[in-house]
Student: 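This is the structure I want to talk about, given as structure tokens.
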Amino acid sequence: MAARRFLYVIAAIIVLIFAGGIVWTLFPEAIMRLTFVPTVSFATPTDGGPDYRDPSAWLSRPGAPNDPANWLPPGVPGTAKTKAVVFFVPPTTYLSRAHWNAPIDDKEMNQRAHVLVSSEASAFSNVARVWAPRYREATAGAFLTTKPDAAKALQLAYADVSRAFDAFLDQAPPAAPIILAGHSQGSYHLLHLLKDRVANDRKLRKRILAAYVVGWPISVTTDLPMLGLPACTKPDEHGCILSWESFAEPADPAQLRTRYDAGTGFTGQPRANTPALCVNPITGTQGGAAGANANLGSVKPDEGYKSATLVPHLVPARCDPAGLLLIGPPPDGFGLAVLPGNNFHVFDYALFWANIRADAERRLAAYGKHRR
């Protein structure tokens with residue numbers, strides 16, 4: 001079962017190459033727009049969106065049968081007694097151009113999302129009960145155009161995420177520390193959630209253990225000041241933000257930087273030529289470098305993608321001045337899903353799975369001491 005499940009995860013990851021915030025890096029944009037950008041006009045769905053009081057509106061939540069967040073690599077001990085809660089926003093898994101937003105009952109989208117929660121949110125299962133909402137995510141093509149329809153699609157998706165967050169706060173234990181986490185499109189929405197919901201709520205900010213905003217760039221100068229939480233500068237700090245984007249060397253982030261530099265930050269100032277936030281997932285600190293010997297374990301597919309193992313010491317990690325996380329020469333075994341430019345975006349969690357797990361545990365321990 002574990003081997004088959006991981007095979008599904010790998011298949012979903014390969015599909016995810018075509019999705020999320022950096023989908024434009026795979027093929028020339030004209031081809032990608034033709035393939036993925038909807039030709040229909042945006043129309044607000046009439047279904048009203050998921051009812052997050054209903055357990056079926058969640059991909060993962062405490063007590064759910066066959067909870068995908070409880071997936072673990074072979075040999076890793078089962079989940080421990082948890083004290084925190086995590087609100088995890090999944091990445092893009094809707095690839096169709098039939099709609100600007102995914103129908104909430106789209107079978108293929110939900111299958112992909114299910115397995116990606118398994119491979120990413122599982123990193124937190126040793127310290128937190130995971131809540132991961134289904135939401136009417138923007139289709140992959142929304143990231144390939146400047147049409148007003150694309151902005152409307154992202155706004156609709158974010159409205160679902162915001163409502164899910166309200167339901168999460170209502171249903172989760174009121175005193176439990178909170179981990180916020182996401183990947184790719186999920187991190188895009190998480191940034192807006194931090195700006196809109198956390199930054200001006202002192203009581204809520206005090207409950208935030210950490211925010212793992214992975215796979216979406218955050219400008220240190222034009223985004224971070226508006227998020228209400230600082231970057232993580234110490235490995236045992238709580239109430240701070242971690243973010244990184246993984247590239248092997250030689251790295252070519254030209255396409256990513258083109259989009260990043262064209263944007264405007266939350267301060268209203270342009271992001272052009274500003275560094276992105278890079279918190280090293282091996283050390284848990286902003287910037288700096290760590291050797292592969294400090295990497296506690298990467299989730300790596302075996303030959304043929306029939307199973308996975310947790311491989312320690314696979315890659316190092318070094319933040320460069322622009323904010324990229326550099327992992328040295330490309331490791332073997334990941335080639336099918338590596339984006340052009342040696343971009344390891346789809347493995348942002350997998351490469352550092354065990355370190356993320358240890359990072360959350362360390363921050364929870366520090367949070368507990370602070371609260372005594």
Side-chain angles (χ1 to χ4, degrees), residues 13 16 20-22 25 88-89 91 116 119-121 123-124 179-191 194 209-221 223-224 227 229-235 237 240-249 251-253 255-257 259-260 271 274-292 294-299 314-328 330-331 334 337-339 341-360 362-363:
I13 286 175
L16 188 61
I22 57 172
T25 63
F88 181 85
V89 190
L116 286 168
S119 64
E120 296 181 346
F124 303 107
I179 294 172
L180 299 175
H183 189 226
S184 200
Q185 180 176 164
S187 288
Y188 171 89
H189 297 309
L190 191 57
L191 280 175
L194 284 165
L209 181 62
Y212 295 80
V213 188
V214 180
W216 192 273
I218 304 171
S219 170
V220 172
T221 55
D223 288 322
L224 189 62
L227 300 182
L229 300 174
C232 293
T233 58
K234 297 185 293 184
E237 185 179 4
C240 57
I241 298 173
L242 300 90
S243 183
W244 64 88
E245 293 170 287
S246 309
F247 280 78
E249 300 177 79
D252 181 7
Q255 293 293 334
L256 176 63
R257 289 298 309 194
R259 293 290 175 131
Y260 175 81
R271 295 190 181 101
T274 65
L277 175 62
C278 180
V279 174
N280 193 315
I282 293 181
T283 65
T285 61
Q286 184 178 3
N295 189 325
L296 300 177
S298 306
V299 174
L314 185 66
V315 295
R318 172 175 62 89
C319 292
D320 80 352
L324 297 183
L325 184 72
L326 303 178
I327 63 170
F334 295 89
V338 177
L339 301 175
N342 273 331
N343 190 336
F344 273 68
H345 172 71
V346 291
F347 298 108
D348 283 327
Y349 274 85
L351 288 170
F352 309 104
W353 189 91
N355 283 88
I356 296 169
R357 199 166 176 83
D359 186 271
R362 189 171 56 241
R363 295 186 195 280

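Just so you know, residue 1 is the first one in the sequence shown, and it goes up from there. The figures here come from the full heavy-atom set of this structure, side chains too, leaving out hydrogens, waters and symmetry mates.
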Student: For F247 and G341, which heavy atoms make the closest approach, and how far apart are they?
Tutor: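 Between these two residues, the closest heavy atoms are CD2-O, 3.4 Å.
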Student: Using the rule given for side-chain contact (heavy atoms from CB on, under 4.5 Å), can you reason through T233 versus T285, listing the C-alpha separation, both sets of side-chain angles and the distance that settles it, and then say yes or no?
Tutor: CA-CA 4 Å; T233 58; T285 61; 5.8 Å; no
Student: Evaluate the ring planes of F124 and Y349, with Trp represented by its six-membered ring, and classify them as parallel (under 30°), tilted (30 to 60°) or perpendicular (over 60°).
Tutor: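 It falls in the perpendicular class, over 60°.
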Student: Does the side chain of Y212 come under 3.5 Å of the side chain of S187 through a donor N or O and an acceptor N or O?
Tutor: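 Y212 vs S187: no donor-acceptor pair found between side chains.
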Student: For the CD1 atom of I218 and the CG atom of L227, what is their distance to the nearest 0.5 Å?
Tutor: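 One finds 6.0 Å between CD1 of I218 and CG of L227.
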Student: If only side-chain N and O atoms count, and only distance matters, is there a donor-acceptor pair under 3.5 Å linking S219 with T274?
Tutor: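 Side-chain D/A pair, T274 to S219: present.
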Student: Heavy atoms, side chains only, cut-off 4.5 Å: are P91 and E120 in contact?
Tutor: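 Side-chain contact under 4.5 Å: yes.
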Student: Hey, do the aromatic rings of F347 and F334 have their centres closer than 6.0 Å?
Tutor: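 Between F334 and F347, which both carry aromatic rings, the centre distance is below 6.0 Å.
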Student: Evaluate the side-chain contact (heavy atoms from CB on, under 4.5 Å) criterion for residues F352 and L296: first the C-alpha distance (whole Å), next the side-chain angles of each, then the deciding distance (0.1 Å), finally the verdict.
Tutor: CA-CA 8 Å; F352 309 104; L296 300 177; over 6 Å; no
Student: Do the side chains of I241 and L194 get nearer than 4.5 Å, heavy atoms only?
Tutor: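 Yes, their side chains come closer than 4.5 Å.
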Student: With rounding to the nearest 0.5 angstrom, report the NZ to SG distance, K234 to C240.
Tutor: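 The SG atom of C240 is 9.5 Å from NZ of K234, to the nearest 0.5 Å.
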Student: According to the salt bridge (Lys or Arg N to Asp or Glu O under 4.0 Å) rule, which pairs have a member within residues 314-324, sequence neighbours left out?
Tutor: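 Pairs touching residues 314-324 that pass the test: E249-R318.
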Student: Can you name the closest pair of heavy atoms from T283 and R362 and give their distance?
Tutor: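 Result for this residue pair: O-NH2, 4.1 Å.
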Student: Kindly give the heavy-atom pair with the smallest separation between A251 and L324, and that separation in Å.
Tutor: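 In terms of heavy atoms, the two residues are closest at CB-CD1, 4.4 Å.
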Student: To check you understand the geometry: which heavy-atom pair defines the closest contact between G284 and V279, and what is its length?
Tutor: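 Nearest heavy atoms, G284 then V279: C-CG1, 3.8 Å.
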Student: Can you tell me how far CG of L351 sits from CH2 of W353, rounded to the nearest 0.5 angstrom?
Tutor: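 That separation rounds to 13.5 Å.
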Student: May I ask you to test the C232-R363 pair for a side-chain heavy-atom distance under 4.5 Å?
Tutor: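 Touching, per the 4.5 Å side-chain cut-off.
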Student: Work out which heavy atom in D223 is nearest to a heavy atom in R271; give both atom names and the distance.
Tutor: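 Taking every non-hydrogen atom into account, OD2-NE, 2.8 Å.
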Student: Does a side chain donor of either H345 or S246 reach within less than 3.5 Å of an acceptor in the other side chain?
Tutor: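 S246 and H345 do not have a side-chain donor-acceptor pair below 3.5 Å.
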Student: Roughly how far apart are W216 CH2 and L256 CG, rounded to 0.5 Å?
Tutor: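 Separation between the atoms: 9.0 Å.
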Student: Using side-chain heavy atoms (C-beta onward) and a distance below 4.5 Å, is L326 in contact with F344?
Tutor: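 No. Closest side-chain heavy atoms not under 4.5 Å.
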Student: Starting at OH of Y188, measure out to CD of Q185 and round the result to the nearest 0.5 Å.
Tutor: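 With rounding to 0.5 Å, OH (Y188) is 8.5 Å from CD (Q185).
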Student: What are the two closest non-hydrogen atoms of A210 and L242, and how far apart are they?
Tutor: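 Where A210 meets L242 most closely, the heavy atoms are CB-CD1, 3.9 Å.
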Student: Can you list the residues that meet the side-chain hydrogen bond (donor to acceptor under 3.5 Å, both in side chains) rule with N280, with sequence neighbours excluded?
Tutor: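 Listed in chain order: nothing, the list is empty.
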Student: Look up atom CG in N355 and atom CG in N295, then write down how far apart they are to the nearest 0.5 Å.
Tutor: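 N355 CG to N295 CG: 5.0 Å, rounded to 0.5 Å.
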Student: Should E245 and P253 count as side-chain neighbours, where that means a heavy-atom distance under 4.5 Å?
Tutor: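 No. Closest side-chain heavy atoms not under 4.5 Å.
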